[in-house]
Amino acid sequence: MSTKVPAYRQVQIEIKKYIKENNLKFGDGLPPEALLAKNLGVSRPSLREAVKSLESLGIVESRHGEGIFVKEFSFDSIVENLPYSMNDGDENVKKLLHVRKYLELGAIPAVVEHISDESIQRLRVLAERMLSKAQDKQTFPQEDREFHAEMYSCLKNDFLLSLIDLFWNVFNEMNQSSESVDHWALEETAKDHLRVVSMLEKKDVFGVLSAHRQHFQAIVDTYPEE
């Protein structure tokens, strides 16, 4: 039995097709609502519903009194929605973590080759600050986020940095929903980061890989089996 596609979903497809066929970029405006509905051969209510849905996906934005515009690409909508589709112990959490691990580990040889001494020093300062906070029973999300961004910034790949920040945000959102904080785990996490820095200082690719794997394994272990 075939399932009928809701009208607004079909309109979504048509709007995305319109954007692609007309080579519209960030900031470009779509035709006024009445004209766009006419061009697509749809009702204005279906068009409005489709636009609202595309806004939630971060594809377009509707500006009151101005019209509909192509939105700048962002992972924000994914960051906001992904944690709600997963639960602690969900196998998908670990699968997502493995994707993050493969992404970061795969870039490490290039990081060791290109990272500057100044950047390594900034990483040490961040890691030492993380350890100090952990010993004071404080969390350190900002330092952790800056650490990962700093480590991979030498590759000058904005898309890679966006993906790494996306995964960091997802797991940070999940951790914030946790009822308690394991301060011993925080201290071990900080020490993991210090081991990464020590290996970077030695330009030891395998040492960095090993330290980073250990860090990710510790994260995996925090998620219970189903």
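Please read all numbers here as calculations on a predicted model, not as lab measurements.
Contact check for Leu186 versus Lys133: no side-chain heavy atoms found under the 4.5 Å cut-off. Between His215 and Val196, every side-chain heavy-atom pair lies at or beyond the 4.5 Å cut-off. Here the side chains of Asp28 and Ile19 are not in contact, with every heavy-atom distance at 4.5 Å or above. Contact annotation: the side chain of Leu105 approaches that of Arg213 to within less than 4.5 Å [non-hydrogen atoms, C-beta and beyond]. Ile15 has its side chain within reach of Leu47: a pair of non-hydrogen atoms, C-beta onward, lies under 4.5 Å apart. Counting only heavy atoms from C-beta outward, the side chains of Glu146 and Glu143 never approach each other to under 4.5 Å. A heavy-atom distance below 4.5 Å is found between the side chains of Glu128 and Leu194.
Between Asp165 atom CG and Asp158 atom CG the span is 11.5 Å, to the nearest 0.5 Å. Interatomic distance, His98 NE2 to Arg100 CZ, rounded to the nearest 0.5 Å: 12.5 Å. Atom-to-atom distance recorded for Gln121:CD and Glu201:CD is 7.5 Å, nearest 0.5 angstrom. Taken to the nearest 0.5 Å, the CD atom of Glu104 stands 12.0 Å off from the CG atom of Leu209. The line from CZ of Phe147 to CZ of Arg124 is 9.5 Å long, rounded to the nearest 0.5 Å.
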Salt bridge (Lys or Arg N to Asp or Glu O under 4.0 Å) assessment of Arg195 paired with Asp192: CA-CA 5 Å; Arg195 281 188 281 270; Asp192 286 343; 2.4 Å; yes
Derivation of the side-chain contact (heavy atoms from CB on, under 4.5 Å) call for Tyr8 and Arg48: CA-CA 8 Å; Tyr8 82 94; Arg48 292 190 191 111; over 6 Å; no
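Electrostatic pairing of Lys52 and Glu55 does not count as a salt bridge here, judged by no charged N lying under 4.0 Å from a carboxylate O. Between Arg122 and Glu118 no salt bridge is recorded (no basic side-chain N to carboxylate O distance below 4.0 Å).
A distance-only check finds a donor-acceptor pair linking the side chain of Asn22 to the backbone of Tyr18 [under 3.5 Å]. The backbone N or O of Ala185 lies less than 3.5 Å from a partner atom in the side chain of Thr189, making a donor-acceptor pair. In terms of modelled atom types and a separation under 3.5 Å, the side chain of Asp136 and the main chain of Gln138 share no donor-acceptor contact. Although no hydrogens or angles enter the test, the distance criterion places a donor-acceptor pair under 3.5 Å between the side chain of Ser153 and the main chain of Glu150. In this structure a side-chain-to-backbone donor-acceptor pair under 3.5 Å is missing from Tyr152 to Val111. In this structure a side-chain-to-backbone donor-acceptor pair under 3.5 Å is missing from Asn169 to Leu166. Looking at Ser46, its side chain never comes within 3.5 Å of a backbone N or O of Val42 through a donor-acceptor pair.
Heavy-atom minimum distance, Ala50 versus Gln12: CB-N, 3.8 Å. Taking each heavy atom of Ala37 and Arg44 in turn, the nearest pair found is CB-CG, 3.9 Å. The nearest pair of heavy atoms linking Leu35 to Pro31 is CD2-CB, 4.0 Å.
The aromatic rings of His212 and His148 sit tilted, their planes meeting at an angle between 30° and 60°.
Side-chain heavy atoms closer than 4.5 Å link hydrophobic residues (I, L, V, M, F, W, Y) into clusters, and following such links, possibly through other members, connects Phe216 to Leu163. At a threshold of 4.5 Å between side-chain heavy atoms, the hydrophobic network of Ile, Leu, Val, Met, Phe, Trp and Tyr places Val99 and Leu160 in one connected group. Two different hydrophobic clusters hold Leu57 and Phe26 under the rule that ILVMFWY side chains link at heavy-atom gaps under 4.5 Å. Side-chain heavy atoms closer than 4.5 Å link hydrophobic residues (I, L, V, M, F, W, Y) into clusters, and following such links, even through other members, never connects Trp168 to Phe140. Residues Met151 and Leu131 are members of separate hydrophobic clusters, defined by side-chain heavy-atom contacts under 4.5 angstrom among Ile, Leu, Val, Met, Phe, Trp and Tyr.
Among Ile108, Val208, Ile120, Leu155, the one residue that satisfies the side-chain contact (heavy atoms from CB on, under 4.5 Å) test with Ile115 is Ile120.
Side-chain atoms of Ser119 and Ser116 form no donor-acceptor pair, as typed in the model, at a separation below 3.5 Å. Between Ser53 and Arg9, the side chains place no donor N or O within less than 3.5 Å of an acceptor N or O (distance only, hydrogens not considered).
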Would you tabulate the side-chain donor-acceptor contacts of residues 61-72 under 3.5 Å, counting partners in other chains and residues two or more places apart, or write 'none'?
from	atom 1	to	atom 2	distance (Å)
Glu61	OE2	Arg63	NH2	3.2

